[in-house]
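Each remark here refers to the structure printed beneath this line.
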Amino acid sequence: WTIIMALLIILTAILTPFKVSFIEDDNKPFEIIELVFDCGFGVDILINFVSAYYHPRYGLITDFEKIAKNYLSGWFWIDVIAILPFDLIIQGISGDDSSTSSYNKLLRLLRFPRLYRLLKILRLFKMVKLFSTN
């Protein structure tokens, strides 16, 4: 699962700035790709709620309540912000079709919170470091 997530993170790092800069909002293939990425990161959120983690003092933590509390107090909020489709939310609130709106370019910038997914690279480096020391 970690390898799949690493690939999604790398593709997000490449595709999000490209889409914001060069692709129009009504491009169906990119919308489908983003939906697949969002689903992958959503599944990652669910997996993180049930995945054991290592605590330096107590060792491997497998209690679901402790795992959930740890995740909620750390990476959960970054992960949620990263999968929220801010552009679709703004379109729904405003009722406008953003492709004809005068603020189309500003709405495109709302995709940049998806780059918060790149912070997951830090988590991947931590895991690699943990496995390399054991």
Side-chain angles (χ1 to χ4, degrees):
W1 181 250
T2 303
I3 293 171
I4 292 171
M5 290 309 301
L7 289 173
L8 283 177
I9 291 167
I10 291 167
L11 288 172
T12 297
I14 295 168
L15 292 178
T16 299
F18 180 79
K19 183 174 182 193
V20 169
S21 301
F22 302 112
I23 305 297
E24 292 298 321
D25 287 331
D26 58 352
N27 190 306
K28 284 292 180 195
F30 272 96
E31 288 177 15
I32 292 170
I33 290 170
E34 280 187 346
L35 180 63
V36 169
F37 285 10
D38 288 343
C39 290
F41 284 106
V43 169
D44 185 53
I45 288 174
L46 297 176
I47 288 173
N48 281 310
F49 269 112
V50 295
S51 295
Y53 68 96
Y54 181 79
H55 189 278
R57 186 173 177 189
Y58 303 112
L60 189 64
I61 305 297
T62 58
D63 179 51
F64 290 127
E65 185 177 339
K66 290 179 183 176
I67 293 170
K69 283 181 182 178
N70 181 62
Y71 185 49
L72 284 170
S73 67
W75 289 95
F76 174 75
W77 299 107
I78 294 170
D79 291 346
V80 167
I81 289 170
I83 66 167
L84 286 177
F86 289 104
D87 47 348
L88 296 177
I89 293 170
I90 297 298
Q91 281 179 8
I93 291 172
S94 68
D96 289 345
D97 178 15
S98 66
S99 62
T100 60
S101 176
S102 63
Y103 55 93
N104 184 28
K105 301 290 184 198
L106 290 176
L107 286 178
R108 296 168 118 201
L109 293 176
L110 291 174
R111 290 190 190 108
F112 275 109
R114 293 176 184 267
L115 292 178
Y116 283 124
R117 294 173 180 164
L118 297 179
L119 293 174
K120 287 183 166 250
I121 291 175
L122 297 174
R123 189 184 310 161
L124 293 175
F125 286 143
K126 267 181 145 177
M127 284 193 291
V128 168
K129 182 180 174 184
L130 179 67
F131 288 123
S132 67
T133 58
N134 289 337

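This is a predicted model, so every value here is computed, not measured.
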Check: Any side-chain heavy atom of Trp75 sitting closer than 4.5 Å to one from Asn48?
Finding: no
Checklist line | Spatial distance of atom CD1 (Ile32) from atom CZ (Phe37) [nearest 0.5 Å] | finding: 12.5 Å
Check: If you look at every heavy atom in Tyr58 and Ile61, which pair is closest and at what distance?
Finding: CB-CD1, 3.9 Å
Check: For Tyr53 and Ile67, which heavy atoms make the closest approach, and how far apart are they?
Finding: CE2-CA, 3.8 Å
Next item on the list: Using the test salt bridge (Lys or Arg N to Asp or Glu O under 4.0 Å), find all partners of Lys66 that sit at least two apart in sequence or belong to another chain.
Entry: none
Notebook entry, point to check: If you measure from CD1 on Ile81 to CZ on Phe76, what distance do you get to the nearest 0.5 Å?
Noted result: 10.0 Å
Check: Taking atom NE2 of His55 and atom CG of Asn70, what is their separation to the nearest 0.5 Å?
Finding: 8.0 Å
Next item on the list: Look up atom CE in Met5 and atom OG1 in Thr12, then write down how far apart they are to the nearest 0.5 Å.
Entry: 8.0 Å
Check: Are Leu8 and Ile47 joined in one hydrophobic group, where the rule is that I, L, V, M, F, W and Y side chains link up if heavy atoms are under 4.5 Å apart?
Finding: yes
Checklist line | Remaining members of the apolar cluster that contains Leu35, side-chain heavy atoms under 4.5 Å | finding: none
Item checked: Atom pair CZ (Phe49) and CG (Leu72), whose distance is rounded to the nearest 0.5 Å -> 4.0 Å
Next item on the list: Would you name the heavy atoms of Phe30 and Leu15 that are closest together and state the gap between them?
Entry: CE2-CD2, 4.0 Å
Margin query: Is it the case that the side chains of Asp79 and Tyr71 hold a donor-acceptor pair, with the cut-off being a distance below 3.5 Å and no angle test?
Written below: yes
